[in-house]
Amino acid sequence: MSYGINNDDDAGPYTGLRTASVSAQFKLASIRRQRELLPIFRHRQTLLYIIETSPVLILIGHTGSGKSTQLTQYLYEEGWTSESKAIACTQPRRVAATSVATRVAEEIGCQVGQVVGYSIRFEDMTSENTRIKYMTDGMLLRELLVDPLLSRYCVVMIDEAHERSIYTDILLCILKKVIRKRKDLRLIISSATLQAEEFANFFGPDTRIASIEGKMYPVDILYLAEPTEDYVEKTIQTIIDIHNEEPEGDILAFLTGRKEINTVVEAILDRSAPDRNNQARLLPLPLHAFLPQDQQNRIFDPAPEGARKVIISTNIAEASVTIDGIVYVIDCGYVKLRAYDPASKMESLIVSPVSKAAAIQRAGRAGRTKPGKCFRLYESQVAETILPDISVPEIQRTNLAGPILQLKSLGIENIAKLDMITPPPVELVANGLELLYSLGALDEYGKLTAGLGERMAELPLDPMLSKVLLTSSSFGCMGEVLTVAAMMSVENVFYLPEDNHTAAEMEHLKFTVDEGDHLTLYNVYQAFSIRGKRSSKWAHDKYLNYKALSRAGSVRNQLARYLDKLGAKVPSSTSLSTVDAETIRKCLVSGYFANAAKMQPDGSFKLVGSEKIVWAHPSSVMFSRSAEWVIYSELMELGEKTYMIGITKIERDWLLESAPDYYQVRRGRA
DNA sequence: GAGCACTGC
């Protein structure tokens, strides 16, 4: 059993099945009882009737209602899947797809991958027998490429649609077309209250809305009487006040980033040393995505006798990680959001006010096990007037090259004319089209190019990286580039502990090469596979993330399979490398030529084609090295500065060789 | 010169 299940729908842990005979029967009985106790059970017949009679159902299912695990089973029990059709249920997160599938498989009493399965990128746990299929929303969009009418499904449920992931938005747009052609298909959109009306308007008059209560305890919301100038300091004070004045119960505080979290953790350690009055201690625990898994798991350990747990977290605890036993929530009122500026083609992380939807979600974290309190570090009139209902949907603030490529592959030519819930700004679309054209994926009429564009759309990677991978055969370095691409697709390869920073950096240095980050990643993977024999101890000793490295191995295999399907000649193993580093770097330029920069005398870089000054990110090997010309895989504005992340040293001539058309007009400036 | 919210294909 997993704990901290990420779709927090379904309360009530119980031990897994798969034991034999008598005890299994008893557990089955208890599972049935548990299912019947969920709030959704009372509405079983009503919901089935609505689904039977109307094409679209908007389901407002509050936390703990059981919608994600039960509705699919009701439909299965009712015989919807009898004509070899299946039920699809999408989730915006991989962990949710896998953990909900695991739970439902247990409830039905089958192995995951049989009647109940899941499908996420690089991992397909389904079979011919699968009738209830959980999947990430992006995977369903990929399935549309090969099965445009989703003919293998009788019901599609888009769960957590209110989160408005880019894939959810695109799916809803396409599904609206699909249900016009497939009268037998049923669509269920699960949403929070704030978005339900908007979805209903989008799908039109045949849409029904239903609401199911959740299994939640009341949470008192408290506001500041006066605004605070320093929400970090206020968080510290509030934690101490709660600890001194409120009855027992763990605390969860939301802040925007790692730095703030560390500040608060240290302050709490300083100010709440165990005292002589037998006063209960405070046990502060940081939580953010950069922590390795074993440290993240510490938040689930019960606090020692007489201590109160305080989890200081980023947004990760808002929807991705669920912790039981939280009674007090502190909401600083802000969140870091990624924004994309089409004019400068740059991404930035900006601290912004939370949305009302997010604030509600944060408060709800206090009411999972008993009545709780939420301390909002802002005034009530701010909550009512200033905070937006929801954050800007992802489709309006992200690079659209990849999604556009997929839509083109679906035969949708005019992206601008799509019927979207909220259409993307035209500049974003123009931007994506321009990039795809320069990569050779689209021709001058905006049509997918026969060889390259079509194959790029098949690969589940950023278009620039897809281009590199597909070009690699002509450079004779496909094996090496497969490794680089796989390593770029996993996160946090290098582990930098807060307390042992320099030791870790010394170890990492042993893999570093002057040519830059991409070849350094290649080195790490080779060392892990050959010298390290893929052992976790080896990885741990080198301050490398074992989970990330093993995943890179499986991603590499999957990518090789994709390329094989596309007719490429994939080298058999990672063994002996015969190409030199220069070939790999040239191959990288074939996809990343638009991301070029030239070093300035002061160590900063000037972007090619603009006057913009950027810096090597401190995590890059190029931070402490020099290279006249470089390409980068990502640009990110953080605070005052803009950083390049993922940098490789190149020669100026390679840019002109790789993309003569692209650089012809800019040659003077380059 | 000094550091990335969170997802996903």
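In what follows, chains are A, B, ... by sequence order, proteins preceding strands, each numbered from 1.
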Student: When the distance from CE of A:Met622 to P of B:dA2 is rounded to whole Å, what number comes out?
Tutor: 19 Å
Student: On DNA chain B, does the nearest nucleotide to A:Lys336 precede the nearest nucleotide to A:Tyr562 from the 5' side, or the other way round? Give the residue.
Tutor: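 Taking each residue's closest nucleotide, the earlier one in sequence belongs to A:Lys336.
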Student: What does A:Leu638 touch in the nucleic acid at a heavy-atom separation under 4.0 angstrom: a base, only the sugar-phosphate, or nothing?
Tutor: sugar-phosphate
Student: For the backbone of A:Ile350 and the side chain of A:Ser348, can you confirm whether one donor and one acceptor N or O come within less than 3.5 Å of each other?
Tutor: no
Student: Please work out if A:Ser624 contacts a base, only the sugar-phosphate, or nothing of the nucleic acid, heavy-atom cut-off 4.0 Å.
Tutor: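 Base contact.
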Student: In whole Å, what is the span from the CG atom of A:Asp602 to the C1' atom of B:dG1?
Tutor: 9 Å
Student: What is the distance, to the nearest angstrom, from the CG atom on A:Asn262 to the P atom on B:dC4?
Tutor: 13 Å
Student: Students often get this wrong, so: under 4.0 angstrom with heavy atoms, is A:Leu141 touching a base, only sugar-phosphate, or nothing?
Tutor: nothing
Student: Taking 4.0 angstrom as the limit, do A:Asp159 and A:Lys67 come out as a salt bridge?
Tutor: yes
Student: With under 30° as parallel and over 60° as perpendicular, where do the rings of A:Tyr543 and A:His508 fit, or are they tilted in between?
Tutor: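 Perpendicular.
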Student: Scan A:Met139 against the nucleic acid and name what it touches under 4.0 Å (heavy atoms): base, sugar-phosphate only, or nothing.
Tutor: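 Sugar-phosphate, no base atom in range.
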Student: Can you tell me if A:Arg142 touches the phosphate of B:dG8, counting only side-chain N or O atoms and a distance under 4.0 Å to OP1 or OP2?
Tutor: no
Student: We want to know whether A:Arg164 and A:Thr422 form a side-chain donor-acceptor pair, criterion being a heavy-atom distance below 3.5 angstrom.
Tutor: yes
Student: Taking CZ from A:Phe290 and P from B:dT7, how many angstroms apart are they, rounded to a whole number?
Tutor: 10 Å
Student: Rounding to a whole Å, what distance do you find between A:Asn492:CG and B:dA5:P?
Tutor: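 Those two atoms, CG and P, are 11 Å apart.
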Student: What is the distance from OH of A:Tyr340 to P of B:dC4, rounded to the nearest Å?
Tutor: 19 Å
Student: Check whether any side-chain N or O of A:Lys259 sits under 4.0 Å from OP1 or OP2 of B:dG3, and answer yes or no.
Tutor: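 Answer is yes, contact under 4.0 Å.
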Student: Could you tell me how far apart A:Glu347 (CD) and B:dT7 (C1') are, to the nearest whole angstrom?
Tutor: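 Atom CD in A:Glu347 sits about 13 Å away from atom C1' in B:dT7.
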Student: With a 4.0 Å cut-off on N to O distance, would you call A:Glu318 and A:Arg362 a salt bridge?
Tutor: yes
Student: Atom CZ of A:Arg397 and atom P of B:dC6: how far apart are they, to the nearest Å?
Tutor: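 For the pair A:Arg397 CZ and B:dC6 P, the rounded distance is 14 Å.
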Student: How would you label the contact of A:Leu496 with the nucleic acid (heavy atoms, under 4.0 Å): base, sugar-phosphate, or nothing?
Tutor: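 The answer is base, as A:Leu496 lies within the cut-off (heavy atoms under 4.0 Å) of a base atom.
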